[in-house]
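Protein chains get the first letters and strands the later ones, always in sequence-line order, with residue 1 at the start of each.
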Amino acid sequence: MQRNQNYFVQELIDWFSKAKRDLPWRQTRDPYKIWLSEIILQQTRVEQGLPYYERFIDHHPDVHSLADSNEKDVLKLWEGLGYYSRARNLHATAKFISKELNGTFPNNYQNLLQLKGIGPYTAAAIASIAFKESTPVVDGNVYRFASRYFGVFDDITQSATRKTFESLLRDIIPSDRPDDFNQAMMEFGATVCTPSPNCDQCHFTQSCFAYQQKAQNQLPVKTKKVKVSEEHLNYLIFEHSGKYLLHSRTEGIWKGLYQFYLIRSKEEQKELLNKYDGKVTMESEIIKHILTHRRLWVKFVTIEIHEAKSFKNLSKELGLHPFSLEEMLNLPRPKVIVNYLQQAVN
DNA sequence: GATGCGTGGTG
DNA sequence: TCACCAAGCAT
(Lines give C-alpha, C1' and ligand atoms only; values in the text may rest on other atoms or scores of the structure.)
Protein backbone atom coordinates (compact mmCIF):
# COMPACT_ATOMS: atom_id res chain seq x y z
CA MET A 1 0.00 0.00 0.00
CA GLN A 2 2.71 2.46 0.99
CA ARG A 3 4.53 1.54 -2.19
CA ASN A 4 1.45 2.28 -4.26
CA GLN A 5 1.04 5.64 -2.59
CA ASN A 6 4.65 6.55 -3.25
CA TYR A 7 4.01 5.72 -6.87
CA PHE A 8 0.92 7.92 -6.90
CA VAL A 9 2.81 10.84 -5.37
CA GLN A 10 5.66 10.54 -7.85
CA GLU A 11 3.33 10.31 -10.84
CA LEU A 12 1.35 13.29 -9.61
CA ILE A 13 4.40 15.49 -9.16
CA ASP A 14 5.72 14.44 -12.57
CA TRP A 15 2.40 15.32 -14.12
CA PHE A 16 2.48 18.69 -12.39
CA SER A 17 5.96 19.55 -13.64
CA LYS A 18 4.79 19.00 -17.20
CA ALA A 19 1.21 20.21 -17.15
CA LYS A 20 1.20 23.09 -14.69
CA ARG A 21 0.01 26.44 -15.87
CA ASP A 22 2.61 29.15 -16.07
CA LEU A 23 1.53 31.62 -13.39
CA PRO A 24 3.51 34.55 -12.02
CA TRP A 25 3.35 33.45 -8.37
CA ARG A 26 4.95 30.17 -9.43
CA GLN A 27 8.09 32.06 -10.45
CA THR A 28 8.95 33.15 -6.94
CA ARG A 29 9.37 32.02 -3.36
CA ASP A 30 8.86 35.50 -1.95
CA PRO A 31 6.37 34.90 0.88
CA TYR A 32 4.81 38.31 0.22
CA LYS A 33 3.93 37.34 -3.33
CA ILE A 34 2.81 33.84 -2.34
CA TRP A 35 0.62 35.33 0.37
CA LEU A 36 -0.89 37.93 -1.94
CA SER A 37 -1.71 35.31 -4.57
CA GLU A 38 -3.31 33.00 -2.01
CA ILE A 39 -5.54 35.71 -0.60
CA ILE A 40 -6.66 36.76 -4.08
CA LEU A 41 -7.36 33.16 -5.06
CA GLN A 42 -9.61 32.39 -2.08
CA GLN A 43 -12.90 31.30 -3.66
CA THR A 44 -11.70 32.90 -6.87
CA ARG A 45 -10.66 31.37 -10.20
CA VAL A 46 -7.17 31.92 -11.52
CA GLU A 47 -8.40 33.73 -14.64
CA GLN A 48 -10.42 36.12 -12.54
CA GLY A 49 -7.69 36.83 -9.99
CA LEU A 50 -4.68 37.06 -12.28
CA PRO A 51 -5.10 40.68 -13.45
CA TYR A 52 -5.65 41.75 -9.83
CA TYR A 53 -2.44 40.06 -8.78
CA GLU A 54 -0.49 41.84 -11.52
CA ARG A 55 -1.99 45.18 -10.55
CA PHE A 56 -1.20 44.72 -6.86
CA ILE A 57 2.41 43.76 -7.58
CA ASP A 58 2.78 46.78 -9.87
CA HIS A 59 1.49 49.15 -7.19
CA HIS A 60 2.98 47.37 -4.20
CA PRO A 61 6.04 45.21 -4.97
CA ASP A 62 6.67 44.46 -1.29
CA VAL A 63 4.90 44.31 2.04
CA HIS A 64 6.15 47.74 3.16
CA SER A 65 4.68 49.42 0.12
CA LEU A 66 1.33 47.78 0.79
CA ALA A 67 1.52 48.67 4.48
CA ASP A 68 2.22 52.33 3.71
CA SER A 69 -0.79 52.52 1.42
CA ASN A 70 -4.18 53.32 2.89
CA GLU A 71 -7.21 51.10 3.11
CA LYS A 72 -9.20 53.15 0.67
CA ASP A 73 -6.59 52.71 -2.06
CA VAL A 74 -6.32 49.01 -1.33
CA LEU A 75 -10.07 48.64 -1.67
CA LYS A 76 -9.90 50.56 -4.93
CA LEU A 77 -7.37 48.07 -6.26
CA TRP A 78 -9.62 45.26 -5.07
CA GLU A 79 -12.73 46.73 -6.68
CA GLY A 80 -14.72 44.15 -8.63
CA LEU A 81 -13.09 41.09 -7.07
CA GLY A 82 -15.63 40.54 -4.30
CA TYR A 83 -15.28 39.39 -0.69
CA TYR A 84 -13.92 42.78 0.30
CA SER A 85 -13.01 41.77 3.82
CA ARG A 86 -10.10 40.00 2.15
CA ALA A 87 -8.73 43.38 1.11
CA ARG A 88 -9.18 44.92 4.55
CA ASN A 89 -7.49 41.94 6.22
CA LEU A 90 -4.74 42.02 3.61
CA HIS A 91 -3.95 45.61 4.43
CA ALA A 92 -4.15 45.10 8.19
CA THR A 93 -1.80 42.13 7.99
CA ALA A 94 0.63 44.03 5.75
CA LYS A 95 0.81 46.78 8.35
CA PHE A 96 1.32 44.24 11.11
CA ILE A 97 4.15 42.47 9.28
CA SER A 98 5.79 45.69 8.19
CA LYS A 99 5.56 47.56 11.48
CA GLU A 100 5.50 44.89 14.17
CA LEU A 101 7.62 42.20 12.53
CA ASN A 102 9.97 44.51 10.62
CA GLY A 103 8.86 42.98 7.35
CA THR A 104 9.71 39.41 8.30
CA PHE A 105 6.97 36.93 7.48
CA PRO A 106 6.00 34.24 9.99
CA ASN A 107 7.57 31.11 8.52
CA ASN A 108 5.43 28.26 9.83
CA TYR A 109 1.84 27.07 9.81
CA GLN A 110 0.96 27.91 13.41
CA ASN A 111 2.27 31.47 13.29
CA LEU A 112 0.79 32.17 9.89
CA LEU A 113 -2.58 31.06 11.23
CA GLN A 114 -2.53 33.95 13.70
CA LEU A 115 -2.64 36.55 10.94
CA LYS A 116 -5.87 38.23 9.88
CA GLY A 117 -7.36 36.71 6.75
CA ILE A 118 -5.25 33.58 7.00
CA GLY A 119 -7.08 30.37 7.86
CA PRO A 120 -6.09 26.69 7.69
CA TYR A 121 -5.87 26.54 3.92
CA THR A 122 -3.85 29.71 3.37
CA ALA A 123 -1.49 29.02 6.28
CA ALA A 124 -0.71 25.58 4.87
CA ALA A 125 -0.26 26.96 1.37
CA ILE A 126 2.21 29.65 2.40
CA ALA A 127 4.08 27.37 4.81
CA SER A 128 4.57 24.71 2.16
CA ILE A 129 5.19 26.89 -0.89
CA ALA A 130 7.29 29.67 0.60
CA PHE A 131 8.95 27.72 3.44
CA LYS A 132 8.86 24.06 2.33
CA GLU A 133 6.96 22.96 5.43
CA SER A 134 5.34 19.54 5.03
CA THR A 135 1.80 20.64 5.78
CA PRO A 136 -0.95 19.48 3.42
CA VAL A 137 -3.45 21.95 2.00
CA VAL A 138 -7.12 21.04 1.98
CA ASP A 139 -9.27 23.10 -0.34
CA GLY A 140 -12.23 22.37 -2.60
CA ASN A 141 -10.00 20.82 -5.25
CA VAL A 142 -8.27 18.55 -2.77
CA TYR A 143 -11.58 17.42 -1.27
CA ARG A 144 -12.80 16.46 -4.72
CA PHE A 145 -9.69 14.77 -6.05
CA ALA A 146 -8.71 12.98 -2.83
CA SER A 147 -12.22 11.81 -1.98
CA ARG A 148 -12.57 10.26 -5.41
CA TYR A 149 -9.10 8.77 -5.69
CA PHE A 150 -8.98 7.31 -2.18
CA GLY A 151 -12.70 6.65 -1.83
CA VAL A 152 -13.40 8.86 1.17
CA PHE A 153 -17.12 9.23 1.83
CA ASP A 154 -16.98 11.65 4.75
CA ASP A 155 -19.28 14.63 4.30
CA ILE A 156 -17.07 17.54 3.29
CA THR A 157 -19.56 20.08 4.62
CA GLN A 158 -18.74 18.87 8.13
CA SER A 159 -15.77 20.73 9.57
CA ALA A 160 -14.45 17.59 11.29
CA THR A 161 -13.89 16.06 7.85
CA ARG A 162 -10.98 18.41 7.22
CA LYS A 163 -8.97 16.44 9.78
CA THR A 164 -9.65 13.19 7.96
CA PHE A 165 -8.18 14.56 4.77
CA GLU A 166 -5.29 16.33 6.50
CA SER A 167 -4.36 13.11 8.23
CA LEU A 168 -4.56 11.08 5.05
CA LEU A 169 -2.42 13.56 3.13
CA ARG A 170 0.06 14.09 5.94
CA ASP A 171 1.00 10.43 5.53
CA ILE A 172 1.92 10.81 1.87
CA ILE A 173 3.12 14.38 1.41
CA PRO A 174 6.83 14.12 0.49
CA SER A 175 9.02 16.12 2.87
CA ASP A 176 11.37 17.20 0.09
CA ARG A 177 8.62 18.54 -2.17
CA PRO A 178 5.59 19.58 -0.10
CA ASP A 179 5.17 22.67 -2.28
CA ASP A 180 4.91 20.73 -5.53
CA PHE A 181 2.72 18.06 -3.97
CA ASN A 182 0.21 20.57 -2.61
CA GLN A 183 0.03 22.57 -5.80
CA ALA A 184 -0.19 19.40 -7.87
CA MET A 185 -3.20 18.19 -5.86
CA MET A 186 -4.97 21.49 -6.41
CA GLU A 187 -3.95 21.83 -10.03
CA PHE A 188 -5.18 18.34 -10.80
CA GLY A 189 -8.48 19.04 -9.11
CA ALA A 190 -8.83 22.31 -10.96
CA THR A 191 -8.01 21.00 -14.43
CA VAL A 192 -8.65 17.22 -14.60
CA CYS A 193 -10.60 15.98 -11.59
CA THR A 194 -13.17 18.73 -11.97
CA PRO A 195 -16.78 18.52 -10.71
CA SER A 196 -17.63 16.95 -14.05
CA PRO A 197 -14.38 14.99 -14.30
CA ASN A 198 -12.19 14.51 -17.36
CA CYS A 199 -11.41 10.87 -16.70
CA ASP A 200 -10.33 10.33 -20.31
CA GLN A 201 -7.25 12.44 -19.69
CA CYS A 202 -6.52 11.17 -16.18
CA HIS A 203 -3.33 9.24 -15.38
CA PHE A 204 -4.78 7.59 -12.32
CA THR A 205 -7.86 5.70 -13.46
CA GLN A 206 -6.25 2.31 -12.75
CA SER A 207 -5.85 3.11 -9.08
CA CYS A 208 -8.74 5.58 -8.68
CA PHE A 209 -11.45 4.30 -6.36
CA ALA A 210 -14.19 6.39 -7.94
CA TYR A 211 -13.27 5.46 -11.50
CA GLN A 212 -13.10 1.76 -10.72
CA GLN A 213 -16.39 1.88 -8.83
CA LYS A 214 -17.99 4.31 -11.29
CA ALA A 215 -18.66 6.58 -8.31
CA GLN A 216 -17.28 9.84 -9.71
CA ASN A 217 -20.65 11.51 -9.36
CA GLN A 218 -21.12 10.32 -5.79
CA LEU A 219 -17.92 11.96 -4.62
CA PRO A 220 -17.16 14.15 -2.86
CA VAL A 221 -20.06 13.63 -0.46
CA LYS A 222 -21.62 16.98 0.17
CA THR A 223 -24.93 17.15 2.01
CA LYS A 224 -27.35 18.94 -0.18
CA LYS A 225 -27.87 22.57 0.31
CA VAL A 226 -31.45 23.00 1.45
CA LYS A 227 -33.62 24.15 -1.38
CA VAL A 228 -35.12 27.53 -0.68
CA SER A 229 -38.89 27.38 -0.72
CA GLU A 230 -41.68 29.02 1.19
CA GLU A 231 -43.21 27.46 4.22
CA HIS A 232 -45.84 28.69 6.64
CA LEU A 233 -45.82 28.55 10.39
CA ASN A 234 -49.47 28.58 11.38
CA TYR A 235 -49.82 29.40 15.05
CA LEU A 236 -53.21 28.78 16.59
CA ILE A 237 -53.91 30.93 19.59
CA PHE A 238 -57.02 29.89 21.53
CA GLU A 239 -58.44 32.06 24.25
CA HIS A 240 -61.50 31.42 26.42
CA SER A 241 -62.41 33.42 29.49
CA GLY A 242 -58.89 34.68 29.79
CA LYS A 243 -57.33 31.22 29.48
CA TYR A 244 -55.17 30.00 26.67
CA LEU A 245 -54.89 26.60 25.11
CA LEU A 246 -51.39 25.26 24.98
CA HIS A 247 -49.79 21.93 24.41
CA SER A 248 -46.55 20.29 25.28
CA ARG A 249 -44.31 19.24 22.43
CA THR A 250 -44.06 15.49 22.31
CA GLU A 251 -40.95 15.05 20.22
CA GLY A 252 -37.92 16.57 18.59
CA ILE A 253 -36.24 19.71 19.81
CA TRP A 254 -37.93 21.37 22.76
CA LYS A 255 -39.67 18.14 23.71
CA GLY A 256 -41.73 18.76 26.81
CA LEU A 257 -41.79 22.53 26.43
CA TYR A 258 -45.10 24.34 25.94
CA GLN A 259 -46.16 26.38 22.95
CA PHE A 260 -49.20 27.53 21.06
CA TYR A 261 -50.53 24.99 18.62
CA LEU A 262 -48.45 25.03 15.49
CA ILE A 263 -49.13 23.63 12.06
CA ARG A 264 -46.27 23.86 9.62
CA SER A 265 -47.41 23.77 6.03
CA LYS A 266 -46.44 24.46 2.46
CA GLU A 267 -49.92 25.77 1.78
CA GLU A 268 -51.54 29.11 2.29
CA GLN A 269 -53.85 29.32 5.28
CA LYS A 270 -56.96 28.97 3.14
CA GLU A 271 -55.75 25.82 1.39
CA LEU A 272 -54.75 24.45 4.75
CA LEU A 273 -58.30 24.72 6.04
CA ASN A 274 -59.66 22.97 2.96
CA LYS A 275 -57.08 20.26 3.26
CA TYR A 276 -58.05 19.36 6.79
CA ASP A 277 -61.79 19.75 6.38
CA GLY A 278 -63.51 16.48 7.34
CA LYS A 279 -60.33 14.59 8.09
CA VAL A 280 -59.93 12.88 11.42
CA THR A 281 -56.58 13.94 12.71
CA MET A 282 -55.50 15.76 15.75
CA GLU A 283 -54.85 18.83 13.69
CA SER A 284 -58.20 18.69 11.94
CA GLU A 285 -59.91 18.60 15.31
CA ILE A 286 -58.27 21.88 16.07
CA ILE A 287 -59.39 23.27 12.74
CA LYS A 288 -62.94 22.26 13.53
CA HIS A 289 -62.74 24.16 16.77
CA ILE A 290 -61.72 27.19 14.84
CA LEU A 291 -64.61 26.84 12.43
CA THR A 292 -67.37 25.92 14.89
CA HIS A 293 -66.66 27.07 18.42
CA ARG A 294 -67.13 30.76 18.09
CA ARG A 295 -66.88 31.35 21.77
CA LEU A 296 -63.23 30.45 21.54
CA TRP A 297 -61.10 33.37 20.67
CA VAL A 298 -58.86 32.07 17.94
CA LYS A 299 -56.22 33.75 15.90
CA PHE A 300 -54.26 32.33 13.05
CA VAL A 301 -50.78 33.69 12.78
CA THR A 302 -49.10 32.67 9.59
CA ILE A 303 -45.47 33.34 9.03
CA GLU A 304 -43.73 32.66 5.77
CA ILE A 305 -40.28 31.26 6.10
CA HIS A 306 -37.61 29.87 3.86
CA GLU A 307 -36.41 26.36 4.46
CA ALA A 308 -32.87 27.58 4.00
CA LYS A 309 -33.18 29.03 7.45
CA SER A 310 -33.34 26.38 10.06
CA PHE A 311 -36.56 26.22 12.00
CA LYS A 312 -34.62 26.48 15.21
CA ASN A 313 -32.79 29.66 14.30
CA LEU A 314 -35.82 31.31 12.76
CA SER A 315 -37.97 30.56 15.76
CA LYS A 316 -35.34 32.03 18.01
CA GLU A 317 -35.03 35.10 15.83
CA LEU A 318 -38.77 35.70 15.89
CA GLY A 319 -39.11 34.93 19.57
CA LEU A 320 -41.29 31.93 18.83
CA HIS A 321 -39.38 29.36 20.76
CA PRO A 322 -41.46 27.43 23.26
CA PHE A 323 -41.57 28.40 26.88
CA SER A 324 -41.66 26.48 30.06
CA LEU A 325 -45.19 26.30 31.41
CA GLU A 326 -44.32 28.78 34.09
CA GLU A 327 -43.00 31.29 31.58
CA MET A 328 -45.98 30.70 29.35
CA LEU A 329 -48.46 31.63 32.09
CA ASN A 330 -46.70 34.93 32.48
CA LEU A 331 -46.83 35.84 28.82
CA PRO A 332 -48.61 38.99 27.73
CA ARG A 333 -52.10 38.58 26.29
CA PRO A 334 -52.23 36.84 22.92
CA LYS A 335 -53.17 39.95 21.02
CA VAL A 336 -49.98 41.55 22.12
CA ILE A 337 -48.07 38.47 21.10
CA VAL A 338 -49.70 38.54 17.70
CA ASN A 339 -48.65 42.11 17.14
CA TYR A 340 -45.16 41.28 18.23
CA LEU A 341 -44.98 38.36 15.83
CA GLN A 342 -46.21 40.42 12.94
CA GLN A 343 -43.68 43.10 13.66
CA ALA A 344 -40.95 40.53 13.85
CA VAL A 345 -41.79 39.34 10.36
CA ASN A 346 -41.38 42.79 8.84
C1' DG B 1 -21.15 24.88 13.75
C1' DA B 2 -24.10 27.57 10.79
C1' DT B 3 -24.03 31.77 8.21
C1' DG B 4 -22.68 35.79 5.36
C1' DC B 5 -19.65 37.43 2.21
C1' DG B 6 -19.20 38.69 -4.26
C1' DT B 7 -18.34 38.02 -8.69
C1' DG B 8 -18.17 35.27 -12.72
C1' DG B 9 -18.37 30.71 -15.11
C1' DT B 10 -20.77 26.30 -16.25
C1' DG B 11 -23.90 22.45 -17.76
C1' DT C 1 -33.11 29.67 -16.79
C1' DC C 2 -30.79 28.69 -12.70
C1' DA C 3 -28.63 25.91 -9.20
C1' DC C 4 -24.18 25.05 -8.33
C1' DC C 5 -19.63 26.15 -7.84
C1' DA C 6 -14.59 28.53 -7.33
C1' DA C 7 -6.94 28.11 -4.40
C1' DG C 8 -11.89 30.21 2.55
C1' DC C 9 -12.36 33.11 6.43
C1' DA C 10 -14.47 35.45 10.34
C1' DT C 11 -17.94 35.51 13.48
### Message
Is there a side-chain contact between A/Thr44 and the phosphate of C/dA6, meaning an N or O under 4.0 Å from OP1 or OP2?
### Response
no
### Message
At less than 4.0 Å, is any side-chain N or O atom of A/Arg144 found next to OP1 or OP2 of C/dA6? Yes or no.
### Response
yes
### Query
Between A/Gln43 and C/dG8, does any side-chain N or O lie under 4.0 Å from OP1 or OP2?
yes
#### Entry: Selection: residues 14-29 of chain A, any non-hydrogen atom under 4.0 Å of DNA chain C
A/Arg21, A/Leu23, A/Trp25, A/Arg26
### Nearest to side-chain heavy atoms of A/Pro120, which nucleotide of C/dC9, C/dA6, B/dG1
C/dC9
#### Entry: B/dG6 and C/dT1, which share atom name P, separated by this distance in whole Å
26 Å
### Message
Let's test your reading of the model: under 3.5 Å, does the base of B/dG6 pair with the side chain of A/Tyr83 as donor and acceptor?
### Response
yes
### Summary
In whole angstroms, the gap separating C1' of B/dG8 from CD1 of A/Ile40 amounts to 16 Å
### Task
Kindly indicate whether a cation-pi arrangement holds for A/Arg55 with A/Tyr52, taking the cut-offs as under 6.0 Å to the six-membered ring centre and within 45° of the axis.
yes
### Task
Take A/Gln48 and A/Gly117, find for each the nucleotide of DNA chain C with the closest heavy atom, and name the residue whose nucleotide sits nearer the 5' end.
A/Gln48
### Message
Rounding to an integer number of angstrom, what distance separates B/dC5 and C/dC5 when you compare their C1' atoms?
### Response
15 Å
### Query
Which whole-number value in Å describes the distance from A/Glu47 CD to C/dA7 P?
10 Å
### Residue pairs involving residues 100-130 of chain A (criterion ring pair (Phe, Tyr, Trp, His ring centres under 6.0 Å); sequence neighbours excluded)
A/Trp35-A/Phe105
### Query
Looking only at atom types and distance, does a side-chain atom of A/Ser147 sit under 3.5 Å from a main-chain N or O of A/Tyr143, one as donor and one as acceptor?
yes
Would you be so kind as to tabulate the donor-acceptor pairs closer than 3.5 Å made by side chains of residues 199-215 of chain A, with sequence neighbours excluded?
| from | atom 1 | to | atom 2 | distance (Å) |
| --- | --- | --- | --- | --- |
| A/Ser207 | OG | A/Tyr149 | OH | 2.7 |
| A/Gln212 | NE2 | A/Thr205 | O | 2.9 |
| A/Gln212 | NE2 | A/Gln206 | O | 3.2 |

